[in-house]
S.K.: 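What follows is a structure written as structure tokens; I'll ask about it next.
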There are 2 protein chains.
Amino acid sequence: MDGHDTCGHHGHGPAAHGPARTAELVARAERLAQDLGLQFTALRRRTLEVVAEEGRPLGAYDIAERLSAPGKRVAAVSVYRALDFLTEHGLVHRIASRNAFVPCEHGHGAGESAVFLICRSCGSVDETISAEIERSLDRTLAQAGFKPASRIVEIEGECGTCQGRQEAG
Amino acid sequence: MDGHDTCGHHGHGPAAHGPARTAELVARAERLAQDLGLQFTALRRRTLEVVAEEGRPLGAYDIAERLSAPGKRVAAVSVYRALDFLTEHGLVHRIASRNAFVPCEHGHGAGESAVFLICRSCGSVDETISAEIERSLDRTLAQAGFKPASRIVEIEGECGTCQGRQEAG
DNA sequence: GCCTTGCCTGTTACAGTGTAACGATCGGCG
DNA sequence: CGCCGATCGTTACACTGTAACAGGCAAGGC
């Protein structure tokens with residue numbers, strides 16, 4: 001179940017996960033809470049940190065386990081509530097096809113749409129944004145008279161790194 | 001006026017798709033089984049029929065219940081196996097965001113991609129295909145060096161029918 | 001100070017979703 | 001006949017998610 005976490009983030013963006021990304025996300029959350037008068041509690045911060053540092057989709061129960069200490073167990077239901085908050089404000093994304101969560105790798109708000117590239121070999125998830133895809137989606141939706149509220153675009157396949165690894169042997 | 005084929009019917013109520021659609025799907029399944037030497041068993045056919053006649057996404061356990069009779073209970077696990085077969089061959093689709101299944105409304109194979117428009121008000125699912133979206137997706141994937149295997153595009157929102165109803169009421 | 005209010009969290013219990021494992025059955029084939 | 005492969009029934013179990021209720025804690029009004 002544990003994989004090669006060095007896979008992911010192809011050309012589009014700098015940096016992967018790790019402490020830098022985590023600090024950036026936490027800072028964004030604090031700013032957001034400040035501005036909107038929301039509470040960025042310890043549980044929510046720790047949940048965000050766990051998700052941000054993993055580098056692959058984490059289930060709610062996995063997060064709960066990581067947040068638990070030998071005398072202080074964190075129940076999954078608490079994690080779900082924290083995740084509700086985080087997803088609502090665009091700090092983490094839910095991967096519907098995996099029932100798992102990943103940190104938001106872009107600064108976009110919760111309303112915008114992202115494309116998730118999920119590697120079947122290493123389990124990494126790469127988040128990209130394409131104005132072209134959004135435009136064509138918007139056109140199709142308008143044509144169908146459909147008013148979108150949220151969009152899920154998840155592509156499963158093999159990432160560049162794993163393709164190279166397979167060819168190499 | 002294409003790009004959005006005959007999917008203007010936003011099903012409300014139990015009998016949105018109707019026997020015609022069902023018969024067409026069953027016929028396609030039989031042809032497919034004939035050609036590929038597969039077994040289109042009674043369970044698989046009945047599962048397909050139930051899904052095709054519902055007009056909205058059905059969970060595996062709902063299907064099991066509909067297939068069960070007062071002396072002959074069908075377990076969910078059997079339904080899952082039938083659904084595996086049906087999805088593998090493009091006869092039904094899985095809606096990841098709902099953990100539910102809908103009949104395939106197009107003749108496309110399992111490998112192609114579809115866009116699902118899921119109405120939050122009436123629960124109907126409309127399946128459309130857009131070459132434009134596929135093109136832009138392909139471009140983005142190629143740019144990222146990602147080799148796609150399956151694609152999930154699910155838009156939640158409000159269908160045209162429900163928008164009109166809300167304004168009127 | 002005290003009380004109320006609202007939000008967050010802990011806890012329990014439970015519903016819904018999906019899979020593993022094993023055995024039985026059936027049809028085809030040497 | 002026995003073997004083989006695929007399907008299906010059954011049980012058991014793991015994983016995912018939510019409902020309901022109680023306690024804590026900060027903010028604001030009396």
Side-chain angles (χ1 to χ4, degrees), chain A residues 1-2 29-30 32-34 36-48 50-51 56-89 91-102 123 152 154, chain B residues 29-30 32-34 36-48 50-51 56-89 91-102 123 152 154:
Chain A
M1 182 80 87
D2 81 355
E30 282 169 345
L32 194 143
Q34 190 84 14
L36 301 184
L38 304 171
Q39 302 186 37
F40 188 51
T41 63
L43 177 64
R44 291 171 178 176
R45 181 175 45 70
R46 288 197 297 149
T47 300
L48 178 57
V50 166
V51 172
R56 73 189 169 87
L58 268 185
Y61 282 72
D62 296 327
I63 299 171
E65 197 177 345
R66 276 169 178 68
L67 288 179
S68 296
K72 188 69 180 173
R73 187 180 142 270
V74 174
V77 61
S78 298
V79 175
Y80 275 110
R81 290 191 283 231
L83 287 170
D84 283 343
F85 174 89
L86 296 172
T87 54
E88 222 165 276
H89 298 97
L91 296 163
V92 313
H93 294 293
R94 180 185 149 83
I95 306 296
S97 61
R98 295 289 178 102
N99 298 322
F101 299 83
V102 294
I152 298 172
E154 298 173 11
Chain B
E30 282 170 345
L32 193 142
Q34 190 84 14
L36 301 184
L38 305 170
Q39 302 187 38
F40 188 52
T41 63
L43 178 64
R44 291 171 178 175
R45 181 175 45 72
R46 289 196 297 149
T47 300
L48 178 57
V50 165
V51 172
R56 72 189 170 87
L58 268 185
Y61 282 72
D62 296 327
I63 299 171
E65 197 177 346
R66 275 170 179 68
L67 289 179
S68 295
K72 188 69 181 172
R73 188 179 141 270
V74 174
V77 61
S78 297
V79 175
Y80 276 110
R81 290 191 284 231
L83 287 170
D84 283 343
F85 174 89
L86 296 173
T87 54
E88 222 165 275
H89 298 98
L91 297 163
V92 313
H93 294 293
R94 180 184 150 83
I95 306 295
S97 60
R98 296 290 179 102
N99 298 321
F101 300 82
V102 294
I152 298 172
E154 298 174 10

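These numbers were taken from a predicted model, which means no experiment stands behind them. Below, chain A is the first sequence line, B the second, and so on; all start at residue 1.
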S.K.: Nearest 0.5 angstrom please: A:T41 OG1 to A:R46 CZ, how far?
M.R.: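 So the gap between those two atoms works out to 9.5 Å.
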S.K.: For B:V92, is there any backbone N or O sitting under 3.5 Å from a side-chain donor or acceptor partner on B:T87?
M.R.: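 No; judged by distance alone, with no hydrogens or angles, the pair does not exist.
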S.K.: Can you tell me which nucleotide in C:dA21, C:dT11, C:dG18 comes closest to the side chain of B:R81?
M.R.: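 Looking only at side-chain atoms, B:R81 lies closest to C:dA21.
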S.K.: Test your reading of the model: is there a side-chain donor-acceptor pair from A:E154 to the backbone of A:A96, 3.5 Å cut-off?
M.R.: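 The answer is yes, because a donor-acceptor pair under 3.5 Å joins these two groups.
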S.K.: Taking CD1 from A:I95 and C1' from D:dC15, how many angstroms apart are they, rounded to a whole number?
M.R.: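 In whole Å, D:dC15 C1' and A:I95 CD1 are 18 Å from each other.
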S.K.: NA contact type, B:V77, heavy-atom cut-off 4.0 Å: base, sugar-phosphate, or nothing?
M.R.: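 It contacts base atoms.
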S.K.: Find the distance A:L83:CG to D:dC15:P and express it as a whole number of Å.
M.R.: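 The answer, rounded to whole Å, is 18 Å.
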S.K.: Please determine if a side-chain N or O atom of A:R45 lies less than 4.0 Å away from the OP1 or OP2 oxygen of C:dC8.
M.R.: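 No, A:R45 has no side-chain N/O under 4.0 Å of OP1/OP2 on C:dC8.
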S.K.: Looking at the side chain of B:Y80, which of D:dT16, D:dG9, C:dT19 is the nearest nucleotide?
M.R.: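 The answer is C:dT19, which lies nearest to the side chain.
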S.K.: Does C:dG10 have its OP1 or OP2 closer than 4.0 Å to a side-chain nitrogen or oxygen of A:S78?
M.R.: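 For C:dG10, OP1/OP2 do have a side-chain N/O of A:S78 under 4.0 Å.
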S.K.: So A:R98, base contact, sugar-phosphate only, or nothing? Heavy-atom distance under 4.0 Å.
M.R.: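 It contacts nothing in the nucleic acid.
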S.K.: Using heavy atoms to find the nearest nucleotide of DNA chain D for B:A82 and B:N99 separately, return the residue whose nucleotide is more 5′.
M.R.: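 Whichever sits nearer the 5' end wins; that is B:A82.
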S.K.: Send over the distance from B:L67 CG to D:dC8 P, rounded to a whole Å.
M.R.: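 About 12 Å, once rounded to whole Å.
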S.K.: From C-beta outward on A:F101, which listed nucleotide comes closest to its side chain: C:dG18, D:dG17, C:dG10?
M.R.: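 From the listed options, D:dG17 comes nearest.
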S.K.: May I have the distance from B:E65 (atom CD) to C:dA15 (atom C1'), rounded to whole angstrom?
M.R.: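 Between C1' of C:dA15 and CD of B:E65: 14 Å.
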S.K.: Taking only the side-chain heavy atoms of B:L43 (C-beta and beyond), determine which of C:dC8, D:dC8, D:dG17 contains the nearest atom.
M.R.: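 Of the options given, the side chain of B:L43 lies nearest D:dC8.
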S.K.: Within the structure shown, what part of the strands sits under 4.0 Å from B:R44 by heavy-atom distance: base, sugar-phosphate, or nothing?
M.R.: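 Sugar-phosphate, backbone atoms only, no base.
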S.K.: Could you check how far CG of B:L58 sits from C1' of C:dT17, rounded to whole Å?
M.R.: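 The distance from CG of B:L58 to C1' of C:dT17 comes to 15 Å, rounded to the nearest Å.
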S.K.: Give one of base, sugar-phosphate or nothing for B:R73, where a contact means two heavy atoms less than 4.0 Å apart.
M.R.: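 Sugar-phosphate contact only - B:R73 comes under 4.0 Å of backbone atoms but never of a base.
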S.K.: Tell me: CG of B:L38 to C1' of C:dG27, nearest whole Å?
M.R.: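 About 16 Å, once rounded to whole Å.
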S.K.: To the nearest 0.5 angstrom, please state how far the CG atom of A:L32 sits from the NE2 atom of A:H89.
M.R.: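 It comes to 6.0 Å.
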S.K.: Measure the distance from CD on B:Q39 to P on C:dT25 and round it to the nearest whole Å.
M.R.: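 Value for this atom pair: 18 Å.
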S.K.: So how far is it from A:L83 CG to A:I63 CD1, rounded to the nearest 0.5 Å?
M.R.: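 Between atom CG of A:L83 and atom CD1 of A:I63 there are 4.5 Å.
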S.K.: Round to the nearest Å and state the distance from B:K72 atom NZ to D:dG9 atom C1'.
M.R.: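 So the two atoms are 8 Å apart, to the nearest Å.
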